[in-house]
Amino acid sequence: MTLFRPDRRATLGLLAGSGLAACSSRGDGRTHLRFWAMGNEGSNVPQLTAAFERLNPDIRVEVQPLPWTAAHQKLLTAYAGDSLPDVSQIGNTWVAEMAAIGALSPTPPAAADLLTDQFPAVLETNEIDGRAMATPWYVDTRLIFYRTDMLARAGHEAVPPTWAEWKRAMHDVKRVAGPGNYAILMPVNEFEQLLTFGLQGDEALLRDEDTRGNFASPSFIAALAFYKSLFDEGLAPLVSATQISNVWTEFARGYFSFYFSGPWTIGDFKARLPPETRWMTTGVPGPTGLGASAPGGSSLAVFRASPHQAAAWKLVRYLSEPAVQARFNAITGSLPARQSAWSAPAVAGDPYIAAFKGQLARARAVPKVPEWERIATEMQIVAEHMVRGDYTPEAAGAEINRRADRLLAKRRWMIERDRAS
């Protein structure tokens, strides 16, 4: 069963776009590409596109920065109104949804080399039925930021690699941190920490061709139990992110010494922590050793409706060059998608970045279904109820399954329909 089904709207968009090809030159003889980019990348990518235009004087790139909070809905609205840009940055968890509605232009054979030199789990998030539907642009994943000085005061040289040893170290850190302080911050309104623990298990998060939840499996129940124990044993405060004034202040004063986050936090900590604060990054502990985490980041999508396919893929190729990605890291702190770019001095020479490469090598892709983000939200809601005492881990797993199955009902119906046809 394939999820790549171009529909009538995508076809109409392609035809409509073809009719606009003449006016897209804006009378200057150049091809004008519309490029949507989000957040920090949207603000800074013009520094790269200016160099691209110098190399390609027949192409003009018009960058429209968007806030992440509005980007997903704006893309869907633009799709419905046949007004998608030629190229856009998209979250890699959006790829399945965009592919399902037929909005994406698959990677053409001439651009297949862009898919080499990638982190396997990140590349997998961009593939549907074995075909790349978007190109990784930058990558991220979550690992552990920790206070090296607090860990040393607690008698540990490094973060232990297993859950049991790590928990003992957290108890030691909490003792030296003093009354009113904790070992780790895991805001209860975030799903990423529990998801990371859940990815350590051998069993998939969804089952039956990704049509039903698998959150009552023994490995996910173990993840729920470990997550809950950190609150039950007083190692993590029962707070949401909105109850933390700012992370760097609380981290610096010792309110917590372990923190799950991604590469964007490196720049924040460098800029905002007092110079005497000693900190480092390390891989995520697992049940028996260093474990997995979810691959994140953003991808570059070329849309099927674009009448400028060749120019659009030329831009994607340029932004995918290792040297260009290394320069973008220096500008924004975003980690390069191409592994060869990690040998650039600015990347290789940063000790805080080093642990991310190992963590990305251990990353595991989350289920590639359009409903995944809503399932993850339901998982977080149930987990918060669990740590507040409303569910046991076993009951929480069953409840997450119930909610996931409800969200996946249409997917089950579609598969059954396809089998009957």
Let me have the donor-acceptor pairs involving side chains of residues 150-167, under 3.5 Å, with sequence neighbours excluded, atom names and distances please.
unit_1, atom_1, unit_2, atom_2, d
R153, NH2, V176, O, 3.2
H156, NE2, D172, OD2, 2.7
T162, OG1, E165, N, 3.4
T162, OG1, E165, OE1, 3.0
W163, NE1, P285, O, 3.2
K167, NZ, S229, OG, 2.8
K167, NZ, E233, OE2, 3.1

- Query: If only atom types and distance count, is the side chain of K174 paired as donor or acceptor with the main-chain N or O of N181 below 3.5 Å?
  - Reply: yes

- Which residues pass the ring pair (Phe, Tyr, Trp, His ring centres under 6.0 Å) test with F303, sequence neighbours left out? none

- Message: Any side-chain to backbone donor/acceptor pair from R364 onto L199? Under 3.5 Å, distance only.
- Response: yes

- Message: Set out, in order, the CA-CA distance, both residues' side-chain angles and the distance that settles side chain to side chain donor-acceptor pair (under 3.5 Å) for E41 and S334, then state yes or no.
- Response: CA-CA 8 Å; E41 287 71 32; S334 298; 2.5 Å; yes

- Check whether any side-chain N or O of D140 sits under 3.5 Å from a backbone N or O of P263 as a donor-acceptor pair, and report yes or no. no

- Message: Between K368 and E127 (side chain of the first, backbone of the second, donor and acceptor by atom type, cut-off under 3.5 Å), is there such a pair?
- Response: yes

- Would you find a donor on one side and an acceptor on the other, under 3.5 Å apart, between the side chain of R142 and the backbone of S293? no

- Message: Is it true that N44 and T332 share a donor-acceptor pair across their side chains at a distance under 3.5 Å?
- Response: no

- Note on the structure: Taken to the nearest 0.5 Å, the spacing of L230 CG from F197 CZ works out to 5.5 Å

- Task: Output, in order, the C-alpha distance, side-chain angles, deciding distance and verdict of side-chain contact (heavy atoms from CB on, under 4.5 Å) for D350 and K270.
- Result: CA-CA 11 Å; D350 189 329; K270 285 180 177 179; 2.6 Å; yes

- Just how far is it from atom CD of Q200 to atom CZ of R362, taken to the nearest 0.5 Å? 9.0 Å

- Message: Between R403 and E399 (salt bridge meaning N to carboxylate O under 4.0 Å), is one present in this structure?
- Response: yes

- With side chains defined as the heavy atoms from C-beta onward, is the minimum distance between P187 and Q193 less than 4.5 Å? yes

- Beyond-backbone contact of V95 with I90, side-chain heavy atoms, under 4.5 angstrom: yes

- Message: Over 60° means perpendicular and under 30° means parallel, so tell me whether F269 and F251 are parallel, tilted or perpendicular.
- Response: parallel

- Query: So how far is it from R30 CZ to R60 CZ, rounded to the nearest 0.5 Å?
  - Reply: 6.0 Å

- Message: Filter on ring-ring contact (aromatic ring centres under 6.0 Å, His included), then keep only pairs touching residues 169-190, sequence neighbours left out; what's left?
- Response: Y182-Y255

- Query: With no hydrogens and no angle check, is any side-chain donor or acceptor of E394 less than 3.5 Å from a backbone partner on A216?
  - Reply: no

- Query: Do F231 and Y227 have ring centroids that are under 6.0 Å from one another?
  - Reply: yes

- Could you tell me if the ring centre of F356 sits under 6.0 Å from that of F119? no

- Message: Tell me if a side-chain donor or acceptor on R338 pairs with a main-chain N or O of P136 at a distance below 3.5 Å.
- Response: no

- Near N246 CG, under 6.0 Å, is it more than 12 heavy atoms from other residues, nucleotides or ligands? yes

- Task: Answer yes or no: is there a side-chain heavy-atom contact under 4.5 Å between L194 and M379?
- Result: yes

- Closest non-hydrogen atom pair between A37 and G42, with its separation: CB-CA, 3.5 Å

- Query: Is there a donor-acceptor pair under 3.5 Å between the side chain of N329 and the backbone N or O of Q325?
  - Reply: no

- Message: For S105 and Q309, which I'm curious about, is there any donor-acceptor pair between the side chains at under 3.5 Å?
- Response: yes

- On a heavy-atom basis, the closest approach of N214 and N401 is N-OD1, 3.2 Å

- Item | F258 and Y146 aromatic ring geometry - parallel, tilted or perpendicular at 30°/60° bounds | parallel

- What distance separates N92 CG from L123 CG, expressed to the nearest 0.5 Å? 11.0 Å

- Could you go step by step and tell me if E97 and H72 meet the side-chain contact (heavy atoms from CB on, under 4.5 Å) rule? CA-CA 10 Å; E97 180 181 22; H72 181 260; 2.6 Å; yes

- Taking C-beta and beyond as the side chain, do F145 and I266 meet within less than 4.5 Å on heavy atoms? yes

- Query: With no hydrogens and no angle check, is any side-chain donor or acceptor of R34 less than 3.5 Å from a backbone partner on V87?
  - Reply: no

- Task: Check whether any side-chain heavy atom of L407 lies under 4.5 Å from a side-chain heavy atom of V369, and answer yes or no.
- Result: no

- Is the backbone of G296 close enough, under 3.5 Å, to the side chain of T141 for a donor and an acceptor to pair up by distance? no

- Check step by step if side-chain contact (heavy atoms from CB on, under 4.5 Å) holds for L315 and L33. CA-CA 9 Å; L315 176 61; L33 288 178; 4.2 Å; yes

- Message: Apply side-chain contact (heavy atoms from CB on, under 4.5 Å) to residues L224 and F215 and explain how you reach the verdict.
- Response: CA-CA 9 Å; L224 285 165; F215 299 98; 5.8 Å; no

- Message: Quick test of your reading of the model: are D58 and K314 salt-bridged, counting only N-O distances below 4.0 Å?
- Response: no

- Any ring-ring contact (aromatic ring centres under 6.0 Å, His included) involving residues 362-399? Give me the pairs, sequence neighbours left out, ordered by first then second residue. none

- Note on the structure: Residues R317 and A110: closest non-hydrogen pair is NH2-O, 3.0 Å

- Message: Using every non-hydrogen atom in the two residues, find where A292 and Q359 come nearest and quote the distance to one decimal.
- Response: C-NE2, 3.5 Å

- Note on the structure: Those residues at least two apart in sequence (or on a different chain) that pass salt bridge (Lys or Arg N to Asp or Glu O under 4.0 Å) with D268 are none

- Query: In terms of side-chain geometry, is the basic nitrogen of R131 or D129 positioned less than 4.0 Å from the acidic oxygen of its partner?
  - Reply: no

- Distance-minimising heavy-atom pair for H308 and H32: CD2-O, 3.8 Å

- Message: I need the M280 CE to T148 OG1 distance, nearest 0.5 Å.
- Response: 7.0 Å

- Item | Atom pair CG (L76) and CD1 (I101), whose distance is rounded to the nearest 0.5 Å | 5.5 Å

- Task: Please report the closest heavy-atom contact between Q339 and P120, naming both atoms and the distance.
- Result: NE2-CD, 4.3 Å

- Task: Please name the residue in the list Y138, W137, Y318 that meets the ring pair (Phe, Tyr, Trp, His ring centres under 6.0 Å) test with F328.
- Result: W137

- Fit a plane to each ring of Y352 and W279, take the angle between them on a 0 to 90° scale, and name the class: parallel (under 30°), tilted (30 to 60°) or perpendicular (over 60°). parallel

- Item | Pairing residues for D405 by the salt bridge (Lys or Arg N to Asp or Glu O under 4.0 Å) criterion, not counting sequence neighbours | R212

